[in-house]
There are 2 protein chains.
Amino acid sequence: MYAAQCPCRDVLDLLANKWAALAIGALESGPLRFGELQRRLEGISPKVLTQTLRRLEDAGFLHREIFPAVPLHVEYSLTDLGHSVSVPLASLRTWVESHLHEIT
Amino acid sequence: MYAAQCPCRDVLDLLANKWAALAIGALESGPLRFGELQRRLEGISPKVLTQTLRRLEDAGFLHREIFPAVPLHVEYSLTDLGHSVSVPLASLRTWVESHLHEIT
DNA sequence: CTGTATCCGGATGGATACTG
DNA sequence: CAGTATCCATCCGGATACAG
């Protein structure tokens with residue numbers, strides 16, 4: 001099975017928090033700005049959104065691009081790696097949607 | 001996207017903790033006893049293992065069967081629902097394994 | 001607009017010892 | 001064997017206010 005040191009656990013942990021999978025899903029169809037992400041991830045606070053995005057960025061799943069304008073403009077987009085992982089994540093979300101009625 | 005009340009979030013949370021996905025994976029190939037599970041999920045304490053198993057059982061992903069013998073014998077196995085969700089989970093694990101080298 | 005600072009509560013995970 | 005009891009540390013998420 002998976003030994004204690006298996007790094008896959010870290011990845012699972014990364015993807016396995018309340019917002020990460022949702023954030024990746026939100027970015028599947030294209031880049032979004034901070035505020036737009038916050039609106040789509042209904043209920044997330046700016047602090048938690050930042051945390052989530054930073055973790056995903058550090059892991060290489062998404063890219064943050066700053067457009068130095070006034071007002072400030074920042075865009076988040078999936079990297080190739082991010083698009084790649086969004087496939088199994090989407091299949092998990094799909095499973096959840098189609099089995100919701102069976103879950104207690 | 002996914003509204004705040006969308007129950008899929010709860011399911012994601014359930015699957016998305018340190019051990020749940022691993023436990024489901026361990027049971028894919030057949031029933032296991034408590035002690036055997038603890039050995040396979042290297043490093044888990046009995047308390048946390050119990051918590052994990054109970055949550056999965058309550059959600060209907062696995063079944064707990066007691067064989068009243070001496071010494072006591074308890075077997076955990078996936079329900080149909082559990083086997084069903086193990087498919088997308090396995091694809092996520094597979095993704096992680098094949099992309100580990102790309103992850104920071 | 002895009003965050004950071006602060007403070008807080010609760011859940012999760014963990015070590016160890018003990019029990020039916 | 002299969003857990004439960006206890007106590008504890010930490011991370012995570014959340015509300016609100018404020019800053020570059």
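The sequence lines fix the lettering, A, B, ..., with proteins before strands; numbering per chain opens at 1.
Atom pair B:Ile44:CD1 and C:dT16:P shows a separation of 16 Å (rounding to whole Å applied). Atoms CG (B:Leu32) and C1' (D:dA2) sit 14 Å apart, rounded to a whole Å. Residue A:Trp19 contributes atom CH2, which lies 12 Å from atom C1' of D:dC12 at whole-angstrom precision. Distance, B:Leu49 CG to C:dA15 C1': 15 Å, rounded to whole Å. The distance between atom CG of A:Leu41 and atom C1' of D:dC12, rounded to the nearest whole Å, is 16 Å. C:dT2 atom P lies 18 Å from atom CD of A:Gln51, rounded to whole Å. Regarding A:Leu14, its CG atom lies at a distance of 15 Å from the P atom of D:dC11, rounded to whole Å. Distance B:Leu72 CG to D:dA2 C1': 6 Å, rounded to the nearest Å.
A salt bridge between A:Arg93 and A:Glu97 is absent, with no side-chain N of the basic residue lying under 4.0 Å from a carboxylate O of the acidic one. Using a 4.0 Å cut-off between a side-chain N of Lys or Arg and a carboxylate O of Asp or Glu, B:Glu36 and B:Arg39 qualify as a salt bridge.
Across the interface with DNA chain D, nearest-nucleotide mapping of B:Pro46 and B:Arg39 shows B:Arg39 to be the residue nearer the 5′ end. Comparing A:Ser45 and B:Arg54 by the nucleotide of DNA chain D whose heavy atom lies nearest to each, the residue mapping closer to the 5' end is B:Arg54. Comparing A:Thr50 and A:Pro71 by the nucleotide of DNA chain C whose heavy atom lies nearest to each, the residue mapping closer to the 5' end is A:Pro71.
Counting only heavy atoms from C-beta outward, the side chains of B:Phe34 and B:Thr50 approach each other to under 4.5 Å. A 4.5 Å side-chain heavy-atom check between A:Arg54 and A:Arg64 finds at least one atom pair inside the cut-off.
How far NE2 of A:His63 is from OH of A:Tyr76: 11.0 Å, rounded to the nearest 0.5 Å.
The side chain of B:Phe34 lies closest to D:dA2, out of C:dT12, C:dG3, D:dA2.
Contacts of B:Tyr76 with the nucleic acid, taken as non-hydrogen atoms under 4.0 Å apart, involve only primed sugar atoms and P, OP1 or OP2.
One cannot find a donor-acceptor pair under 3.5 Å joining the base of D:dG3 and the side-chain atoms of B:Lys47.
For B:Arg64 and D:dA2, the shortest distance from a side-chain N or O to OP1 or OP2 is not below 4.0 Å. Within the 4.0 Å cut-off from OP1 or OP2 of C:dT2, at least one side-chain nitrogen or oxygen of A:Arg33 is found. Under 4.0 angstrom from either OP1 or OP2 of C:dG13 there lies at least one side-chain N or O belonging to B:Arg55.
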